[in-house]
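It should be emphasised that the depicted structure is a prediction, and the values quoted were computed from it without experimental measurement. A, B, ... follow the sequence lines: proteins, then strands. Residue 1 opens every chain.
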Amino acid sequence: MKIQYLSIEEIRGPLIVLENVQDVSYEETVDIRLENGDRRRGKVIMLEGDKAVIQVFEGTGGVSLKNTVSTFTGHPMRLGLSGEILGRTLNGAGAPIDGLGAVYAERYEDVNGASINPVSRQYPRDLIETGISSIDTLMTLIRGQKLPIFSGSGIPHDKLAVKIATGSGLSGGESGKFAIVFAAMGIKNDVADYFKRAFEASGAMDRVVMFLNLANDPIIERIITPRCALTAAEYLAYEKGMHVLVIMTDMTSYAEALRELSSSKGEIPGRKGYPGYLYSDFASLYERAGMIKGKEGSVTQIPILTMPNDDITHPIPDLTGYITEGQIVLDRTLSQNGVFPPISVLGSLSRLMKDGIGENYTRKDHAALSNQLFAAYAKVLDVRSLAGVIGEEELTETDKRYMEFGRRFENEFLAQAENESRAVTESLDLGWKLLAALPVGELTRIDGDLIREFLPKDDKQ
Amino acid sequence: MEKIYGINGPVVTVHSAKCFQMMEMVYVGNLRLIGEVIMISDEITTIQVYEDTSGLKIGEPVEGTGGPLCALLGPGILTNIFDGIERPLKDIERKSGAFIAKGVSCDNLDLTKKWDVTLLVKAGDAVRPGQIFAETRETSLILHKSMIPPDAEGTVVWAAENGAYTVAEPLIKVEDKDGNVRDIALAQRWPIKTARPIRQRLAVDRPLLTGQRIIDTMFPVGRGGAAAIPGGFGTGKTMTQHQIAKWSDADIIVYIGCGERGNEMTQVLEEFGELIDPKSGKPLTDRTTLIANTSNMPVAAREASIYTGITLAEYYRDMGYHVAIMADSTSRWAEALREISGRLEEMPAEEGFPAYLPSRLSQFYERAGSVETLSGNNGSVTIIGAVSPQGGDFSEPVTQNTKRFIRCFWALDRSLAYSRHYPAIHWVNSYTEYLDDLGAWYAENVREDFMAVRGRILGILLEESHLLEIVKLIGKDVLPEDQKLSLETAALIREGFLQQNAYHAVDTYVPIEKQYRMMETILYLYDSALRLVKKNIPVSVLTGLGLFEKLSKMKYDIPNDDATAFDAYRREIDEAAETLLTQYEG
């Protein structure tokens, strides 16, 4: 019989303090039963002498100092796992909410995971073809990568995530071997529904696991949500050999929950009130993407975050960018001009791209072409700001051609219909076609041999 | 035996102050996690634990070791990959699989492997601290020289025969003047937070050549100096570090991945295994050791990883090698300090960082240097630290404090990175204070006028950044012709010289001689063009010749070992100028 503690010493925000506890371990899970029969779960976050500080996931509303029964479970927060988890909808702490009963558990895993040994990692090289020209050509997504979408409120990042998840070659090539884990943190009910409907429409719903912590759900539970989701993803990837795509949205809400918890613990804040360990905390999530030598599956992450005030230097996007392997930045102006997906090309980057493209992967001109497209589009923005001052008429001949290139690049290359999917080679050819609008002397990033081979002949000067 | 009293993240407290000394290494809990004493007050001893503390219980034992946290130094360090407290990651993998478990105990160096040792001393010899007493071929590139520990001295009373020994077997016995006999083996321990002693510091008088043009010619770092690479995410800090680790002319590379991405370390492991050192034709791993404490590994070990790395570097320096150490990234190390400091409830200074941040940074960077070792050899440690400023803002405390302790600053610029100008080191914001120290070396080993040529190139670039301010307002067309030429030349320098393609077989590494010839050829074109412009030939005619484009590709077109090709470029410039001149004058 486990010891039950019948009284609480102190309640502070989402934290409760128990005294005279014995044999309690750090980060152990606690079962809390309220007077009215409600059950809550918590985690030990600090131990001092015989005092334990416990963070309650569902919040402390309704908890009283007396008549609350707390039991220590003897193990850290765990998630029950088996293949049956596919197709299920769970709450943010991993309990089923789809009315289909408990998930049969083959095994239980600590949701905090453990760090992958760097020597055991398999360096990711397999490209995921998303069918989106800008992503495939300029910031290629690689299986096992963590590539976040930096967005803002009102920009269609959800639509983009769905397009990537359902339209990508991930599901095409080895069907039966892929799964989607969806972790919702503090998003609106509508948004969660949108994802659900989109997964259903694509016929992939029985390969999706959803962890939902919606905007009106307890805030502290949000901290455990991505951990549950990643634990499920790791299980499916490394035990069941599946290629798992994890969509985590919205990381901004997650970080805000963390800030709330940190301040209720009375910790010294870092920048903008976020705890000093925000980087390490993010890393403990993002670094769970990857591939392991000798295992078949992979965990690819697409975290979505809304940049407060569209500010990329805000701690949340900033620290995320330092951990993830690149980022896809969405642009408000492009979005307002009706370009979908509204990807801000210059700020976006895929760090793993270089090893997954080229001769044996996509095509030998890929690296040079994408480099040139970046450089040319950067020049377009320079020319535009100049044109804004002196007027387009006054531009030099070359600069005018850059203006034209910029327009076509946005309307033909970036923009594509929601259901349009372009093969990588198709996207590359399109890139060459647009470059042909520039004087050939401007193509300084590409070797002469490639220009001779790939630049469309008719337009060559 | 002392018992755990409190647990808060990586910080554990013990209700006793008597049993431990400051900085002592301790074993915490039943799993014997490794920790270090960081604070002793009246009643409480505070310990930071280098491993994940979840599952620890109040009342579990804490055991002191009597000494500080040490690195084990000996053959087997090179080609290896360690975590922040020098545990070989491959051993951890063998013991706990792909995920790192808690409390894995493993030997720092392989204790079973036998090394072929040649003894250099015999019974009866007097030995001094730091003296080299035995040699072992550690890798195809590096001869490992075992030294008498800095705290040992006396007469050899027994020496082993040449032969195969493990790192722990005694090779000699040394009797000190008090008659105490001490065994000395290949492997020795050294506390990681203490700098190893040297005889004296030497002047920094030659550069660490990296084969990267913007570094070697524009902002060189001295061998034995310290440099910082600050830049926001995606600007290419890690890429630059990798390039230097691959191509620099150091004898030994210590690469510390401190709080960075796991996949990056995997990439280093893979790539370095395949790459061949251009000078020796041997695999690059043979001169490299890696310390990987990725961002999701315990935060306290992240703090230790920097010290472990510099201790390994100093050890090889003491053998008389030139060591370059890459620390990627020192900001993560500073954040680890902040996190621990926060848990200790210390009074924070700027942005929550502890007030002792500058002193810790200076202690680290001051361990760089070109020195005369105890054995009388010359060795050096060059530190290249990446800094990841929050929001890419260089006014934050880590960048600002780092600037005080380094003399070479390679500022990465986001707008350059956005237009895929790599390396994105910005020529206006970067600086080096080593120019005066290194000028003589360049004059002697490259060309007499090297610094003058470099100065002119930088001058054109600075003129461009000034002119662009005007162009932004009124457009390029209204500038006088000679200024238009400056802009064209600056564009050529940026694209043809400063930009360097790390993935191009020829361009990834460029010898200093070719760097000089490239600059010289660009200036030759500029001077010739300027003469023509003065004769009222418009710049648009000159750029129409295709010479600027041709020169912008000479980095790819001219092989690294064939300097004569530049003469052909000169002749071509001369001929074109001649033709134009006759056209316009005729």
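Interface residue B/Ile7: backbone and side-chain heavy atoms are both found under 4.5 Å from chain A. Neither the backbone nor the side chain of B/Lys3 comes within contact range of chain A, judged by heavy atoms closer than 4.5 Å. B/Glu351 touches chain A through backbone and side chain together, each having a heavy atom under 4.5 Å away. Only the side chain of B/Tyr503 comes within less than 4.5 Å of a heavy atom in chain A; its backbone stays farther off. If you measure heavy-atom distances from B/Asp477 to chain A, the contacts under 4.5 Å come from the side chain alone. Interface residue B/His504: only side-chain heavy atoms are found under 4.5 Å from chain A. Neither the backbone nor the side chain of B/Glu60 comes within contact range of chain A; no heavy atom of the residue lies under 4.5 Å from a heavy atom of that chain. For B/Met297, the parts lying near chain A are the backbone and the side chain together; criterion is any non-hydrogen pair under 4.5 Å. Heavy atoms closer than 4.5 Å to chain A are found nowhere in B/Pro88, neither backbone nor side chain. Only the side chain of B/Glu549 comes within less than 4.5 Å of a heavy atom in chain A; its backbone stays farther off.
When each of B/Ser415, B/Ser552, B/Gly232 is checked for heavy-atom pairs under 4.5 Å with chain A, B/Gly232 comes out on top.
For A/Asp355, the salt bridge (Lys or Arg N to Asp or Glu O under 4.0 Å) partners are A/Arg125, not counting sequence neighbours. Residues satisfying the side chain to side chain donor-acceptor pair (under 3.5 Å) test with A/Ser120, not counting sequence neighbours, are B/Glu93.
With hydrogens and angles disregarded, no donor-acceptor distance shorter than 3.5 Å links the side chain of B/Asn296 to the backbone of A/Arg288. Under the 3.5 Å distance criterion, the side-chain polar atoms of A/Tyr277 are left unmatched by any main-chain donor or acceptor of B/Arg338. Within the 3.5 Å criterion, the main-chain N or O of A/Ile446 finds a donor-acceptor partner in the side chain of B/Lys553. Remark: the backbone N or O of B/Gly262 is paired with a side-chain donor or acceptor of A/Glu287 at under 3.5 angstrom. Looking only at distances, a side-chain donor or acceptor of B/Arg261 sits under 3.5 Å from a matching main-chain atom of A/Thr324.
Looking at A/Arg351 and B/Thr238, their side chains never bring a donor and an acceptor atom within 3.5 Å of each other.
If you run side-chain contact (heavy atoms from CB on, under 4.5 Å) between B/Tyr418 and each of A/Leu381, A/Leu346, A/Val345, only A/Leu346 comes through.
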